[in-house]
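Here the structure is laid out as structure tokens; the discussion comes afterwards.
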Amino acid sequence: MELVSERRALVVGNWKMNLDFVEAVHLTQQIGVLLRHNPVAHVDVALAPPFVDLRSVSSVVDSERIPVSLCAQHVNANEAGPHTGEISLSMLTRVGVTTFIVGHSERRTHYAMDDDTVARTLTHVVRAGQRGLLCVGEDLVVREASEYESFVATQLESALRPLSVAQRELVTVAYEPIWAIGTGRSATSEEVNLATAHLRRVLASLEMPTTRVLYGGSVNADNASELIHQGIDGFLVGGASLKAESFLAIIHAVDGCYAELR
Ligand code: PGA
């Protein structure tokens, strides 16, 4: 089994519906400059810009050799056809996307993405040999009813059981409690610690003992150092990824923690 000290962390910046392509290029260049001046050794970095920014961001990443990979915020479960407003996996891989966020809570809540659609989408991604970043997490009602463990277990099992064990290796999981997303109220260290341990138990029962588990929900430059010590493998960052300085501070906090583990 992989030793903890051999693991690499992952930090993903989810820009959501922010930044037009000019702003996106600018932020990507700033991230590139900061990473060049202060490189990281133990962290993989990925950016998830809006779809219309991807081509421009991809060109900048290639031409300036910025060490980040590209992530899509969403992808349709079908490959082509009458799906107005949606986008396909092959269109996204063509512009350089290698990781696909599947089942972000904003898609689940506002765009009716149910567990079945999440499962079909994740299956579609890994069947194509691409990486999936599966998001799970409960809302405040479920949390206050002390039902989050079974809720999250159901989300994980319904998305992951249809996959073969080999396909499951292409999946990273992000635990993102809805009550912590964009609210400025991150989960506490203890809450992250307990939830991560629970997710790892469920993943082990799915023959996924080494899957990377990220945390997301109001992660910022101030709380990243403490949260990264709670048994997680990195972060899915929303608001704080929209500024190069705060995003880099989070990346460096993670890198510092992993350097200590060596
Ligand atoms: P936030 O978003 O960091 O702004 O809370 C996280 C996410 O939705 O991935």
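Numbering of ligands and ligand atoms starts at 1, following listing order. The chain is numbered in sequence order, starting from 1. Everything numeric in this text was worked out from a predicted model, so none of it was measured.
- In this pair, His74 and Phe51 present their aromatic rings tilted. The plane angle is within the 30 to 60° band.
- By the 3.5 Å distance cut-off applied to N or O atoms, Gly182 is counted among the residues near ligand 1.
- Partners of Thr172 under the side chain to side chain contact (heavy atoms under 4.5 Å, CB included) rule, at least two apart in sequence or in another chain, are Leu10, Leu133, Arg212, Leu214.
- A donor-acceptor pair under 3.5 Å links the side-chain atoms of Gln230 to the main chain of Glu226, judged by distance alone.
- The protein non-hydrogen atom at the shortest distance from atom 2 (O) of ligand 1 is Lys16 NZ, 3.2 Å.
- Judged by distance alone, the side chain of Arg185 and the main-chain N or O of Trp179 form no donor-acceptor pair under 3.5 Å.
- Ion pairing of Arg200 with Asp233 is present here, as a side-chain N (NZ or NE/NH1/NH2) and a carboxylate O approach within less than 4.0 Å.
- For ligand 1, the atoms sitting less than 4.0 Å from at least one non-hydrogen atom of Gly217 are 5 (O), numbered in the order shown with element in parentheses.
- Numbered from 1 in the order shown, with element, the atoms of ligand 1 that lie under 4.0 Å from a heavy atom of Asn14 read 9 (O).
- Considering backbone and side-chain atoms together, His104 places an N or O closer than 3.5 Å to an N or O of ligand 1.
- For atom 3 (O) of ligand 1, the nearest non-hydrogen atom of the protein is Gly238 N, 2.9 Å.
- Considering backbone and side-chain N/O atoms, Gly216 never comes within less than 3.5 Å of an N/O atom of ligand 1.
- Against a heavy-atom cut-off of under 4.0 Å, Glu176 is close to the following atoms of ligand 1: 6 (C), 7 (C), 8 (O), 9 (O).
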Result block: side-chain N/O donor-acceptor pairs under 3.5 angstrom for residues 235-244, not counting sequence neighbours:
{"residue": "Ser241", "atom": "OG", "partner": "Val237", "partner atom": "O", "Å": "3.3"}
{"residue": "Ser241", "atom": "OG", "partner": "Gly238", "partner atom": "O", "Å": "2.7"}

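- Between Ala240 and ligand 1, no pair of N/O atoms sits closer than 3.5 Å.
- Tested against Val118 for a side-chain contact (heavy atoms from CB on, under 4.5 Å), the candidates His104, Met113, Arg107, Gln155 yield a single pass: Met113.
- Contact annotation for Ala180 and ligand 1: only backbone heavy atoms (N, CA, C, O) come within less than 4.0 Å of the ligand.
- Closest to atom 4 (O) of ligand 1 among all protein heavy atoms lies Gly239 N, 2.9 Å.
- Residue Glu207 places its CD atom among 12 or fewer non-hydrogen atoms of other residues, nucleotides or ligands, all under 6.0 Å distant.
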